[in-house]
**Q** 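Below: one structure in structure tokens.
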Amino acid sequence: MNTSNEHKEESTRSKNFLEMIIENDIQKGKNEGRVHTRFPPEPNGYLHIGHAKSICLNFGLAEKYNGKCNLRFDDTNPTKEEEEYVNSIMEDVRWLGFDWEDRLFYASDYFDQLYEWAVKLIKDGKAYVDDQSSDVISEQRGVPTRPGVESPYRNRSVEENMDLFHRMKSGEFPNGSHVLRAKIDMASPNMHMRDPVLYRIMHARHHRTGDKWCIYPMYDFAHGQSDYLEGITHSICTLEFEIHRPLYDWFLDNLIETDYRPRQHEFARLNLSYTVMSKRKLLELVNEKYVSGWDDPRMPTISGLRRRGFTPESIRNFADRVGVAKRENVIDVGLLEFSVREHLNKVAPRIFAVLDPLKVILTNYPEDKTEDLVLENNPEDTEGGTRVVPFSRELYIERDDFMEDPPNKFFRLGPGREVRLKGAYIIKCEDFKKDENGNITELYCTYDPETKSGSGVSRKVKGTLHWVSVNHCIDAEIRIYDRLFKNEDPDDGEDGKDFKSNLNPDSLKVVNGKIEPGVKEARPQDKFQFQRLGYFCVDPDSTGDKLVFNRTVTLRDTWNRMNK
RNA sequence: UGACCCGUGGUGUAACGGUAGCACUGCAGAUUUUGGUUCUGCCUGUCAAGGUUCGAAUCCUUGCGGGUCAACCA
């Protein structure tokens, strides 16, 4: 559709630091000039928009440089990981539009090899079994500003270490009684080099290896070697792993002899204003029922965004726009909203929906008449076609579109004022009725038969309103979502209160709306622009009787902004 | 008071010693049967001080500011 445009952008776009590094490596012929990345989630939760950045980066870089990208589950901790998460992660990556082809891997695929490597370190005198508790080990490790002290078990013989490690593996010892540690440097300023734990005892069933193992490798001992085994060239991760890199390299240097080496590179993770991103906090929102689940449309999870009505294209464009660098950043959530609007504007058919109905009676329109008016589905899409919308004497318009005593700048309806009903006629408000509480209940208007849309006869009127016919429209539940947090920085709670004190009490409002009848057959995930209101998406909670819509995002609203 | 990483408009991100650009936001205007879209214009920036250089956002030094690291988590 707009590929030429994308190519143009692509060729003129400046390179990020990872692209520079990769191009440099290719030029130098490093690793035979191959580019092979991986996306390595731990299956202990759902993916969120921050992961989307990483997915787009890893798969995107591979694509750009004619390389490959693997999907690898980092499943070295059986007590936290579940198959449910594996499945949701695969679904989300696919939905975003990426394909790992036949390269689906698990760190657990490599448990045998990792064990062999641990044995090698022991035999080389570079690893030892420590019998101390985690508390003692932690104590001995010291603090970043002071060196640690060496474990009394540090200088056991190779034979003793081999015997102990073997017995750890065969299940002789309870959890926590022994660990295997690398023998590196207890005085290193880098805490990760102070004899890091390689293996711990966990009598736990693993989602893939079952009961085969009761010792499991730590992240650091698994990750770089997994990269190596898969032929990864550029192992891209977030900044907090920067300090792990010397250890990543240490294992490779001490275990392998080939020239090929994966290299770890770090980038700054995505942060979004008005959003929390940590798995822990998202889990808390789910568990404590602040939201309906991981896929609640207010959640920044991929599944939440999908349900909210975001498209994969819009998320990929967003990921592209936020860029990649090493400095901490907070992206304005408005940029995400811009990205969906941009895409939906091109692809979403327009319909009329009235969220807060106010009845209009056209006093000079025949009571039994119905006209089938033909409207454009999408002015941005010449191939979008048309639809038929019934028009009759009694209509609903948006309550906001009438003011009893409107200011000059108000281009909508008021006593004696004229507006166009989009795709229909110009009408004039002659009178209105109120109930005993002063609420306006009905508007009495006249229509001008000369001004039918498309007739060529048209006076200039300032406002154009959307509408539905009272006797033809259908009811729909509309869920109006707003940002989940009141504060730009949700963690900035008053007097030490946590992020939950910043929850926006108005993040969800449910209303009963009236929509044009043609969309009766809409299916979950169908997306529309409710004209003049915003983009909406059919929710899976819809039933045959009643459609449920989620508001994805409002339209840009200069009127609303003027009044702030 | 250790090691490592990072400081470019309001927010992001470019400029590989040679005109500080792009996107989002904001503001102003044009077009518009969506106060949408589109188009045009404008506002706003190199953390500071020294040094190297014909020339520094870029290199060096110092300072200041921010981040990361002390799970048998990843």
Side-chain angles (χ1 to χ4, degrees), chain A residues 12-16 20 24 40-42 44 74-77 79-81 107 130 133-135 137-139 141-148 175-181 188-192 194 196-202 215-216 218-220 222-223 237 239-246 266 268 273 279 320-332 334-339 341-342 345-346 350 352 375-376 379-380 409-412 419-424 426 451 453-454 458 460-466 529-534 554-562:
Chain A
T12 55
R13 219 189 66 210
S14 52
K15 294 177 180 67
N16 65 50
M20 303 275 246
N24 215 297
E42 181 188 14
N44 70 341
D74 226 326
D75 56 351
T76 57
N77 186 348
T79 63
K80 292 192 174 173
E81 295 145 8
D130 197 331
S133 70
S134 62
D135 286 346
I137 290 175
S138 170
E139 182 67 26
R141 192 150 18 225
V143 293
T145 50
R146 292 227 168 277
N175 291 353
S177 58
H178 302 265
V179 288
L180 182 72
R181 293 226 258 166
S188 171
N190 183 341
M191 296 294 289
H192 296 275
R194 322 248 263 225
V197 172
L198 270 31
Y199 269 90
R200 75 285 216 195
I201 300 171
M202 285 177 128
I215 56 171
Y216 291 94
M218 298 290 291
Y219 163 84
D220 285 302
H223 202 94
C237 62
L239 247 30
E240 66 270 28
F241 291 100
E242 196 153 35
I243 202 148
H244 293 240
R245 188 167 5 115
E266 309 84 12
S273 61
K279 274 187 195 173
D320 211 46
R321 264 189 268 259
V322 300
V324 188
K326 295 192 76 161
R327 73 190 87 113
E328 295 292 332
N329 60 82
V330 181
I331 307 290
D332 187 339
L335 186 62
L336 220 208
E337 296 172 349
F338 168 83
S339 298
R341 282 194 195 103
E342 178 191 49
N345 176 49
K346 291 193 190 114
R350 267 109 245 235
F352 290 158
L375 280 97
E376 220 179 352
E380 301 299 314
K409 292 277 208 164
F410 188 77
F411 298 157
R412 308 175 190 178
V419 294
R420 168 165 295 278
L421 295 180
K422 187 166 174 69
I426 291 175
T451 58
S453 269
S458 184
K460 283 281 172 207
V461 285
K462 277 188 285 187
T464 303
L465 308 187
H466 62 280
Q529 185 196 96
F530 288 4
Q531 209 133 61
R532 300 210 305 135
L533 297 174
T554 61
L555 254 29
R556 239 169 125 250
D557 188 349
T558 35
W559 169 244
N560 192 20
R561 237 181 313 142
M562 273 167 63

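Only heavy atoms go into these numbers, but all of them, side chains included; no hydrogens, no water, no symmetry mates.
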**Q** Determine the interatomic distance between C1' on B:rA70 and the same-named atom on B:rA56; round to the nearest Å.
**A** 40 Å
**Q** Taking 4.0 Å as the cut-off, does a side-chain nitrogen or oxygen of A:S273 come that near to OP1 or OP2 on B:rU11?
**A** no
**Q** Write down the distance separating the C1' atoms in B:rG21 and B:rC4, rounded off to the nearest Å.
**A** 32 Å
**Q** Drop me the distance from A:D130's CG to A:L198's CG, to the nearest 0.5 angstrom.
**A** 12.0 Å
**Q** Do you know the tightest heavy-atom contact between A:T451 and A:I426?
**A** OG1-N, 3.0 Å
**Q** What's the closest nucleotide to the A:K326 side chain, out of B:rC5, B:rG35, B:rC24?
**A** B:rC5
**Q** To the nearest Å, give me how far apart CG (A:N175) and C1' (B:rA71) are.
**A** 15 Å
**Q** Would you classify A:G423 as touching base, sugar-phosphate or nothing, given that sugar-phosphate means primed atoms plus P, OP1 and OP2, and contacts are heavy atoms under 4.0 Å?
**A** base
**Q** For atom C1', what is the distance between B:rC47 and B:rU58, given to the nearest Å?
**A** 15 Å
**Q** Which distance, rounded to the nearest 0.5 Å, do you find between the NZ of A:K462 and the CZ of A:F410?
**A** 11.0 Å
**Q** Under 4.0 Å, heavy atoms only, any strand: does A:F338 hit a base, just the sugar-phosphate, or nothing?
**A** sugar-phosphate
**Q** In this structure, how many angstroms lie between the P atom of B:rC69 and the CG atom of A:N190, rounded?
**A** 12 Å
**Q** Which heavy atom of A:H466 sits nearest to which heavy atom of A:F352, and what is that distance?
**A** CB-CD2, 3.6 Å
**Q** Assign each of A:G334 and A:M191 to its nearest nucleotide of RNA chain B by heavy atoms, then name whichever residue's nucleotide is nearer the 5' end.
**A** A:G334
**Q** Under 4.0 Å, heavy atoms only, any strand: does A:V179 hit a base, just the sugar-phosphate, or nothing?
**A** base
**Q** If you measure from CG on A:D557 to CE on A:M562, what distance do you get to the nearest 0.5 Å?
**A** 10.0 Å
**Q** Could you state the atom-to-atom distance from CD of A:E337 to C1' of B:rU11 in whole Å?
**A** 14 Å
**Q** Rounded to whole angstrom units, what separation is found between the CG atom of A:L335 and the C1' atom of B:rU11?
**A** 9 Å
**Q** Using atom C1' in both nucleotides, what's the gap between B:rC16 and B:rA57 to the nearest angstrom?
**A** 13 Å
**Q** Between the protein and nucleotides 63-68 of chain B, which nitrogen or oxygen pairs are less than 3.5 angstrom apart?
**A**
from, atom 1, to, atom 2, distance (Å)
B:rG67, O2', A:E328, OE2, 3.1

**Q** Taking the minimum atom-to-atom distance to the side chain of A:Q531, which one of B:rU34, B:rG12, B:rG35 wins?
**A** B:rU34
**Q** For A:M562 and B:rG35, give me the distance from atom CE to atom P, rounded to whole Å.
**A** 12 Å
**Q** For a quick test of reading the model, state the closest non-hydrogen atom pair linking A:S453 to A:R420 and the distance between them.
**A** OG-NH1, 3.5 Å
**Q** If you only use heavy atoms from C-beta on, which nucleotide in B:rG2, B:rC6, B:rA74 is closest to the side chain of A:P144?
**A** B:rG2
**Q** Taking the side chain as C-beta and beyond, is there a heavy-atom pair between A:H244 and A:H223 under 4.5 Å?
**A** no
**Q** Measure from the side-chain N and O atoms of A:R341 to the backbone N and O of A:G534, and report whether any donor-acceptor pair falls under 3.5 Å.
**A** no
**Q** Given the structure, check if the side chain of A:R532 and the base of B:rU34 hold any donor-acceptor pair shorter than 3.5 Å.
**A** no
**Q** Is there a stack between A:W559 and B:rG35, judged by ring centres under 5.5 Å and planes under 30°?
**A** yes
**Q** Can a donor-acceptor pair under 3.5 Å be found between the side-chain atoms of A:T145 and the base atoms of B:rU1?
**A** no
**Q** Please measure how far the P atom in B:rG36 lies from the corresponding atom in B:rG29, and state the result in whole Å.
**A** 13 Å
**Q** Have a look at A:V330 and say if it touches a base, only the backbone sugar-phosphate, or nothing, with a 4.0 Å heavy-atom cut-off.
**A** sugar-phosphate
**Q** Would B:rA71 be called syn or anti, given that syn covers angles within 90° of 0?
**A** syn
**Q** Side chain of A:D74, backbone of A:A107: donor and acceptor closer than 3.5 Å?
**A** no
**Q** Enumerate all atom pairs, one protein N or O and one N or O from nucleotides 36-46 of chain B, separated by less than 3.5 Å.
**A**
from, atom 1, to, atom 2, distance (Å)
B:rG36, OP1, A:T558, OG1, 3.0
B:rG36, N2, A:E380, OE2, 2.9
B:rU37, OP2, A:R556, NH1, 3.1
B:rU37, O2', A:N345, ND2, 3.3
B:rU37, O2', A:E380, OE1, 3.0
B:rU37, O2', A:E380, OE2, 3.2

**Q** Name the one of A:L336, A:I331, A:V330 that satisfies side-chain contact (heavy atoms from CB on, under 4.5 Å) with A:S273?
**A** A:V330
**Q** It should be established whether A:R327 places a side-chain nitrogen or oxygen under 4.0 Å from OP1 or OP2 of nucleotide B:rC47.
**A** no
**Q** Base of B:rA3, side chain of A:H192 - is there a donor-acceptor contact under 3.5 Å?
**A** no
**Q** Taking the same atom, C1', in B:rU52 and in B:rA14, what whole-Å distance lies between them?
**A** 26 Å
**Q** Check every strand shown and say whether A:K279 touches a base, only sugar-phosphate, or nothing at a heavy-atom separation below 4.0 Å.
**A** nothing
**Q** Go nucleotide by nucleotide along RNA chain B from the 5' end; which of A:M218 and A:S453 gets its closest nucleotide reached first?
**A** A:S453
**Q** Can you tell me, in whole Å, how much space there is between the C1' of B:rU31 and that of B:rG41?
**A** 15 Å
**Q** With the side chain of A:R420 defined as its heavy atoms from C-beta on, choose the nearest nucleotide among B:rC72, B:rA74, B:rU33.
**A** B:rU33
**Q** Roughly how many Å apart are B:rA48 and B:rG12, using the C1' atom of each and rounding to a whole number?
**A** 24 Å
**Q** Taking A:L555's backbone N and O only, do any of them form a donor-acceptor pair with A:R532's side chain (distance below 3.5 Å, no angle check)?
**A** no
**Q** Separation of A:L198 atom CG from B:rC73 atom P, in whole Å?
**A** 13 Å
**Q** Rounded to whole Å, how long is the line connecting atom CG of A:D220 with atom C1' of B:rA71?
**A** 11 Å
**Q** Can you find a heavy atom in the side chain of A:R200 that is under 4.5 Å from one in the side chain of A:N175?
**A** no
**Q** Examine B:rA74: is either OP1 or OP2 under 4.0 Å from a nitrogen or oxygen in the side chain of A:T76? Give yes or no.
**A** yes
**Q** Please check if atom CD in A:E342 has more than 12 non-hydrogen atoms from other residues, nucleotides or ligands closer than 6.0 Å.
**A** yes
**Q** For A:R350 and A:L375, indicate whether the former's side chain and the latter's backbone hold a donor-acceptor pair under 3.5 Å.
**A** no
**Q** Between B:rA74, B:rU33, B:rC72, which nucleotide gets closest to the side-chain atoms of A:T464?
**A** B:rU33
**Q** Does A:R412 contact B:rG35 through a side-chain donor or acceptor facing the base, at a distance under 3.5 Å?
**A** yes
**Q** Enter the distance from A:Q529:CD to A:E380:CD here, rounded to the nearest 0.5 Å.
**A** 9.0 Å
**Q** According to the Watson-Crick and G-U wobble definition with distances under 3.5 Å, which dot-bracket string, read 5' to 3', encodes RNA chain B, using [ ] for crossing pairs and | for pairs with another strand?
**A** .((((((..((((....[..)))).(((((.......)))))....(((((..]....))))))))))).....
**Q** In whole angstroms, how far is the C1' atom of B:rA74 from the OH atom of A:Y216?
**A** 16 Å
